[in-house]
*Asks:* 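Okay, handing you the structure first.
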Amino acid sequence: SALDRAAILQVIVASVTALMDADGCVVALADPWSGESELALASGVWANAVGVRIPPGEGISGVILKTGETYLSPDIRQDKRLFYGEQLVGIHNVIGVPLRAHDQTIGVLWADRSSADDLQPRAQYGADDVRLLETIGEITGNAIHRANLHEQLHTYAQQLARVNLLGQKVTKTYDEILIYSYLGEAILEIMPHIAEVEIFRPLSTSWQRVFPAAQNGSRVDFESRLPEMAEIFRQVLEQRKLIIDAVPAPSAPEPSGGAG
């Protein structure tokens, strides 16, 4: 497909390497879920770093993502902001430009010129090179944005089909536990970025875990064991939804008395 992001990245990396007389090129893409940036595709000495994830705001890629400004260095080895995944042997003269789409910085495009020998350095990148890579970056950002939209529409269609399938399955059974199982499995499939799903139903004095199946039927008395969690559950029932950053951990048991 013309909107295949992987194919777009391959074309961009090959084009930058040729047009910029570069020894290496890398595309770092921002992860909207985690805030990290990932070295998605690369050539030259960058190639072995593909897949490296840089924490939010870390490294020079993080700086470019935050500021949206072009970076040019005659010798990147002297920059103390380097993240370990950016500290590659042989990289000296670099340009990094932001990849933008609809006023958002979605990634960073890098080109580098290495020196086989510090005594015989390559010609340095200059203003014309910066303008060329910025132009390529604008094209790349828009192309990746269109590819992302295409992937999102495809994902949405798959999710909708899965929701329809869930509806068909739950209408064919009166088994409440089985319905919860269908629901948990569907959530994990529709939202793959979610690491874990637990489903509870309220009882008179406790909550019953009904998904996942391995823990099916176990009862938890949150009121006495974890009152903070009980309060969260009450808010969910009242508000119909609740998003929290961290689930409170169970309190340590009271120390039992013993012979002194």
*Asks:* With heavy-atom distances below 4.5 Å as the criterion, would you say the side chains of I60 and D79 are in contact?
*Replies:* yes
*Asks:* Starting from V11, can I reach L9 by hopping between I/L/V/M/F/W/Y residues whose side chains sit under 4.5 Å apart?
*Replies:* no
*Asks:* Kindly indicate whether the side chain of V52, heavy atoms from C-beta on, has any atom under 4.5 Å from the side chain of E38.
*Replies:* no
*Asks:* Less than 4.5 Å apart, side chain to side chain, heavy atoms only: is that true for E134 and I95?
*Replies:* no
*Asks:* Kindly give the heavy-atom pair with the smallest separation between V13 and A42, and that separation in Å.
*Replies:* CG1-C, 4.2 Å
*Asks:* What closest approach, in Å, do L39 and A28 show between heavy atoms, and which atom pair accounts for it?
*Replies:* CD2-CB, 3.7 Å
*Asks:* Can you find a heavy atom in the side chain of T67 that is under 4.5 Å from one in the side chain of T105?
*Replies:* no
*Asks:* Less than 4.5 Å apart, any side-chain heavy atom of P98 and any of T70?
*Replies:* yes
*Asks:* Go through the structure and list residues passing ring-ring contact (aromatic ring centres under 6.0 Å, His included) with Y71, not counting sequence neighbours.
*Replies:* W110
*Asks:* Locate the shortest heavy-atom distance separating S61 from V108; write the atom from each residue and the value.
*Replies:* O-CG2, 3.7 Å
*Asks:* Taking all non-hydrogen atoms of both residues into account, name the closest pair between S43 and T17 and its distance.
*Replies:* OG-OG1, 3.2 Å
*Asks:* Check this for me: Q158, atom CD, are more than 12 non-hydrogen atoms of other residues, nucleotides or ligands nearer than 6.0 Å?
*Replies:* yes
*Asks:* Any side-chain heavy-atom pair from H145 and H102 closer than 4.5 angstrom?
*Replies:* yes
*Asks:* Can you see which heavy atom on I64 is nearest to which on E69, and at what distance?
*Replies:* CG2-O, 3.5 Å
*Asks:* Dump the intermediate steps for side chain to side chain contact (heavy atoms under 4.5 Å, CB included) on D112 and N93, then the final yes or no.
*Replies:* CA-CA 6 Å; D112 81 84; N93 183 205; over 6 Å; no
*Asks:* Over all heavy atoms of both residues, which pair between G184 and V197 is shortest? Give the atoms and the distance, please.
*Replies:* CA-CG1, 4.4 Å
*Asks:* Should Y182 and I187 count as side-chain neighbours, where that means a heavy-atom distance under 4.5 Å?
*Replies:* no
*Asks:* Using modelled atom types and a 3.5 Å cut-off, is there a donor and acceptor pairing between side-chain atoms of Y156 and backbone atoms of E151?
*Replies:* no
*Asks:* So do the side chains of L99 and I144 get within less than 4.5 Å of each other, counting heavy atoms only?
*Replies:* yes
*Asks:* Can you tell me which residue pairs pass the side chain to side chain donor-acceptor pair (under 3.5 Å) test with a partner in residues 25-37, sequence neighbours excluded?
*Replies:* D31-S34, D31-R53, S34-E36, S34-R53, E36-R53
*Asks:* Nearest 0.5 Å, please: how far is CG in L132 from CG in D21?
*Replies:* 11.5 Å
*Asks:* Show me the pairs that pass side chain to side chain donor-acceptor pair (under 3.5 Å) and involve residues 159-179, at least two apart or across chains.
*Replies:* R162-E189, E176-Y180, E176-R201
*Asks:* Answer yes if the side chains of R113 and H92 hold a donor-acceptor pair under 3.5 Å, and no otherwise.
*Replies:* no
